Every structure is written in C-alpha cells, then in structure tokens.
Amino acid sequence: MAKKLLLKSLVVLAVLTLVAAGCGNDDGDDEVVAAFVYVGPPGDAGWTWAHDQGRQFAEEQTGATTLFVESVPEVAEDFRAVVVDFIENEGADIIFATSFGYMDPMEELAGEYPDVVFEHASGYKMNDTNFGNYFGRMYQPRYLSGMAAGAITEANRIGYVAAFPIPEVLRGINAFTLGAQRVNPDVEVHVTWTFTWFDPAVEGDSAAALIEAGADVIAMHQDSTAPGLAAEAAGARWVSYNSDMSEFAPDAFITAPVWNWGPYYARIIEAVASDSYTPGAYWGGMDDGIVALAPLAADVPADVAAEIDEVAAQLTDGSWDVFTGEIRDQDGNAVVAEGETMEDGAMLGMGFFVEGVVGSATG
C-alpha cells in the first residue's frame with residue numbers, strides 16, 4: 001500500500017496510545033496490549049480509517065490497551081523497526097499488520113517473538129503457533145456495487161481506478177464487472193492502474209482521464225476520496241470503497257463496498273486474553289458482517305435495488321456466490337464451468353480478467 005517515509009521518531013506512539021478506562025472486564029482483556037501497523041493515515045476515510053474504526057471498537061468492547069502507528073511503508077526494515085518497538089518498549093502482546101506487503105517481515109518476527117501473537121491482513125502465510133492471517137470476502141459487496149453501477153451508467157462504459165495487479169484487486173474488478181453485466185450486459189469496465197494505495201493526486205488524475213475517455217461511472221480500489229471528487233467535478237458518478245464516502249461527493253455517490261473489522265479484532269484480543277488463541281486463515285463474508293454494502297443512491301432503479309437485496313440475501317445465507325459459472329476470461333476461455341463455483345484457492349490466487357474488462361490483468 002502507500003509508500004510513505006517512516007517517521008524517524010516513534011515517540012508519537014505514546015501520544016497515540018488510547019486506554020479505554022472503565023471498559024475492561026474480568027477476563028483480563030485490560031491487561032492485553034494490541035498494536036496496529038497502518039499503511040496510510042487513519043483520516044483517509046478509506047482502508048486505514050476502516051481498520052482504525054475497528055481498533056476503537058475492539059478497545060471499547062474488550063478494555064484492552066491499543067496502540068497504532070500510521071503510514072508505515074511496505075519496506076521490511078521500516079516495518080520491523082515499528083514492530084520491535086511495539087514489543088520491546090510498549091509491551092505489545094498482539095501485532096495487527098494491515099497491509100499485504102508486511103507479510104514476509106511479519107513471518108520472520110513471529111519466529112523471533114514466539115510469545116507474541118501476529119495477525120496479518122490480506123496475506124496467506126501463517127504458522128501453527130502465533131501467526132495467522134485474516135481478510136474478508138469483499139468481492140461479495142463488490143458484485144452488488146457493480147449491479148448498482150451497471151444500472152446507473154448511460155454510456156455503458158465504467159472506469160475503474162485500480163491499485164496493484166494482485167489477486168485481491170483482480171478479484172474485486174472481476175466481481176464488480178460480473179455484477180454490472182448482470183443488470184446491463186452491454187457494460188464494459190475500463191481499468192487504469194495507479195500502483196498506489198493512497199495518492200490522491202494520482203488517483204484523482206486517473207479518474208479524470210477515464211472520464212475524459214468516455215466513462216460516466218468511476219469505481220476504485222484505493223483509499224482516497226480523490227476519484228469521487230473528480231467524478232463529481234465532471235458530472236459523473238462514483239462507487240467508493242472501504243467506507244461510505246457519500247459526504248465527500250454526494251452528487252456522484254452511488255454506493256460502496258465497506259469493511260467492518262471491529263468484531264474480528266475484539267474476538268482475537270479476547271482469545272489472547274484467555275490464552276485460547278489459535279492461528280488460522282480467516283476469510284469472512286457478508287454472513288458474519290465483516291463486509292457489507294453501503295446504502296444505495298436514491299436514483300438506483302427500484303427493480304435493481306430489489307434484486308440487489310435478493311442477491312445480498314443469497315450471499316449471506318450461502319445459497320449462491322459470485323464466481324459461479326459459466327464465467328469466461330478476456331480471451332473467451334471458460335474459467336468456471338456452468339453451474340460450478342470457483343474454490344477459495346482459485347479465488348485467492350486469481351490472475352485473470354473476465355469478459356467485459358478492458359485492460360491488462362498484469363498491469
């Protein structure tokens with residue numbers, strides 16, 4: 001995610017430490033210190049903001065002490081310096097790392113500090129003792145947001161401001177496209193890669209370029225509100241990400257796939273407090289609320305809004321999932337057969353674009 005210079009002094013940790021006094025319980029959660037490493041600023045209204053909301057929720061629910069440091073680059077040395085400080089100087093019992101690029105150094109640190117729990121967001125590595133990973137099936141509300149966007153577009157050309165060509169992002173673009181095609185088979189989704197997680201200038205310019213090329217709806221996989229501001233300025237529409245960003249571009253906003261990390265963070269803290277933590281590979285969905293869809297704009301057609309509700313119910317009860325065939329890639333090859341549903345491993349390693357996406361899946 002965002003590559004920002006690490007502050008040389010970590011004294012800021014003491015200032016950013018929040019203790020939920022009076023919220024503790026008798027299980028000992030108030031003795032747990034949970035530390036969070038953020039790749040961007042909590043005020044971005046995006047990815048890091050959502051994680052920080054989760055941190056605050058967990059602190060209130062458990063009474064644990066929580067710490068965080070923001071804008072840590074995905075550079076091993078920088079990440080390591082922050083985590084070692086958390087452990088050796090702040091007494092952290094749990095480290096939550098919230099960006100894919102932290103995975104390898106976190107794996108090394110888990111081996112060096114066997115008495116500390118390490119939890120990594122969006123990765124795939126783990127061990128049997130103290131290192132787990134967690135993520136959510138964001139592709140589910142992405143699909144629903146695509147349905148809304150497909151109903152709104154008049155040009156049948158949607159622009160997608162994409163971050164990095166990794167499976168997480170490809171999966172989201174494909175799910176969005178499949179959702180848009182469900183209600184509007186003529187839709188094309190045009191992808192521009194920014195190779196950023198949080199760079200408002202680059203992301204806003206990319207959105208503006210997509211609009212200039214003919215897109216009348218913009219979707220995104222970054223953390224800033226810049227694509228929405230560009231859409232609003234041009235009279236286009238916008239699907240945000242991470243949180244309901246409607247207040248930033250209310251005329252452009254359609255909906256957003258959103259995160260709710262708090263219950264998961266609280267659950268892990270409680271497990272550590274009770275000495276019952278076991279590392280795992282958590283991938284929750286709409287069924288447990290870690291991902292959801294923000295409210296729809298008033299001009300989403302009523303029949304489409306009703307269909308979105310029906311599909312959301314199917315995703316929640318597990319009777320259907322997004323990558324159910326037949327699905328073809330950009331070259332027309334069947335990647336999921338009719339009536340079959342893609343397995344988790346294939347989804348987690350996705351490396352192609354579906355039909356209807358214009359752009360390169362390799363960036």
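Nothing here was measured: the structure is a model prediction, and the numbers come from that model. Residue numbers run from 1 in the order of the sequence given. Reckoned from all heavy atoms, side chains included, excluding hydrogens, waters and symmetry mates.
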So does [Y] get a backbone contact from the side chain of [X], meaning a donor-acceptor N/O pair under 3.5 Å?
X: Asp216; Y: Ala155; value: yes
X: Thr48; Y: Pro42; value: no
X: Asp317; Y: Ser319; value: yes
X: Thr153; Y: Ala149; value: no
X: His120; Y: Ser99; value: yes
X: Asn184; Y: Gly150; value: yes
X: Gln330; Y: Gly359; value: yes
X: Glu31; Y: Ala273; value: no
X: Thr62; Y: Ala64; value: yes
X: Thr98; Y: Ala121; value: no

Identify which one of Tyr124, Trp261, Tyr264 satisfies the ring-ring contact (aromatic ring centres under 6.0 Å, His included) criterion when paired with Tyr282.
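The single option meeting the ring-ring contact (aromatic ring centres under 6.0 Å, His included) with Tyr282 is Tyr264.
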Sole candidate of Ile87, Leu67, Val117, Val33 that passes side-chain contact (heavy atoms from CB on, under 4.5 Å) when paired with Ile95:
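By the side-chain contact (heavy atoms from CB on, under 4.5 Å) criterion, Ile95 pairs with just one of Ile87, Leu67, Val117, Val33: Ile87.
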Please tell me whether [X] and [Y] form a close aromatic pair, meaning their ring centres lie under 6.0 Å apart.
X: Phe323; Y: Tyr139; answer: yes
X: Phe57; Y: Trp259; answer: no
X: Phe131; Y: Phe118; answer: no

Donor-acceptor side-chain pairing of [X] and [Y] below 3.5 angstrom:
X: Glu203; Y: Ser224; value: yes
X: Glu340; Y: Thr324; value: no
X: Gln181; Y: Asp186; value: no
X: Gln53; Y: His51; value: no
X: Thr316; Y: Asp287; value: no
X: Tyr102; Y: Glu107; value: no
X: Glu119; Y: Tyr277; value: yes
X: His221; Y: Glu168; value: yes

How close do [X] and [Y] get, heavy atom to heavy atom, and via which atoms?
X: Phe248; Y: Ala45; answer: CE1-CB, 3.8 Å
X: Met347; Y: Trp283; answer: CB-CH2, 4.0 Å
X: Ala208; Y: Ala230; answer: N-CB, 4.2 Å
X: Val291; Y: Gly285; answer: CG2-C, 3.6 Å

Are any non-hydrogen side-chain atoms of [X] and [Y] less than 4.5 angstrom apart?
X: Val191; Y: Val358; value: no
X: Trp193; Y: Val161; value: no
X: Pro141; Y: Val258; value: no
X: Leu348; Y: Arg171; value: yes
X: Trp238; Y: Met220; value: yes
X: Asp329; Y: Val354; value: no
X: Val336; Y: Glu326; value: no
X: Met126; Y: Met103; value: no

Determine whether [X] and [Y] fall in the same hydrophobic cluster, where Ile, Leu, Val, Met, Phe, Trp and Tyr are linked whenever their side-chain heavy atoms lie under 4.5 Å apart.
X: Val311; Y: Ile152; result: yes
X: Phe164; Y: Ile173; result: yes
X: Ile94; Y: Val82; result: yes
X: Val187; Y: Val300; result: yes
X: Phe36; Y: Trp49; result: no

Checking side-chain hydrogen bond (donor to acceptor under 3.5 Å, both in side chains) for the pair Asp321/Gln140: CA distance, chi angles, key distance, verdict?
CA-CA 8 Å; Asp321 206 9; Gln140 294 178 338; 3.2 Å; yes
In sequence, state the C-alpha distance, the side-chain angles, and the governing distance for Glu88 and Tyr113, and then conclude on side-chain hydrogen bond (donor to acceptor under 3.5 Å, both in side chains).
CA-CA 10 Å; Glu88 297 190 354; Tyr113 294 93; 2.6 Å; yes
Report the C-alpha distance between Leu109 and Phe79 in whole Å, list the side-chain angles of each, state the deciding distance to 0.1 Å, and finish with yes or no for side-chain contact (heavy atoms from CB on, under 4.5 Å).
CA-CA 10 Å; Leu109 286 160; Phe79 176 77; 3.9 Å; yes
Hey, mind stepping through Glu59 and Thr66 against side-chain hydrogen bond (donor to acceptor under 3.5 Å, both in side chains) and telling me if it holds?
CA-CA 7 Å; Glu59 184 178 76; Thr66 67; 2.7 Å; yes
Using 30° and 60° as the class limits, which term best fits the ring planes of [X] and [Y]: parallel, tilted or perpendicular?
X: Tyr134; Y: Phe96; value: perpendicular
X: Phe135; Y: Trp47; value: tilted
X: Phe176; Y: Tyr160; value: perpendicular

From CA spacing to verdict: side-chain contact (heavy atoms from CB on, under 4.5 Å), Leu178, Ile327
CA-CA 9 Å; Leu178 292 171; Ile327 297 174; 3.9 Å; yes
[Y]/[X] salt bridge by N-O under 4.0 Å criterion:
X: Glu232; Y: Arg237; result: no
X: Arg137; Y: Asp344; result: yes
X: Lys125; Y: Glu108; result: no

Hey, mind stepping through Glu60 and Arg55 against salt bridge (charged side-chain N to carboxylate O under 4.0 Å, His left out) and telling me if it holds?
CA-CA 9 Å; Glu60 292 170 359; Arg55 175 191 66 80; over 6 Å; no
side-chain contact (heavy atoms from CB on, under 4.5 Å) assessment of Thr194 paired with Asp199
CA-CA 9 Å; Thr194 65; Asp199 190 326; over 6 Å; no
Within 6.0 angstrom of Asp128 CG, more than 12 heavy atoms from elsewhere:
no
Would you kindly check if the NZ (Lys) or CZ (Arg) of Arg182 is within the cone defined by 45 degrees around the ring axis of Trp320 and under 6.0 Å from the six-membered ring centre?
yes
Given side-chain contact (heavy atoms from CB on, under 4.5 Å), test Leu296 with Ile308 step by step and report yes or no.
CA-CA 10 Å; Leu296 300 173; Ile308 288 171; 4.0 Å; yes
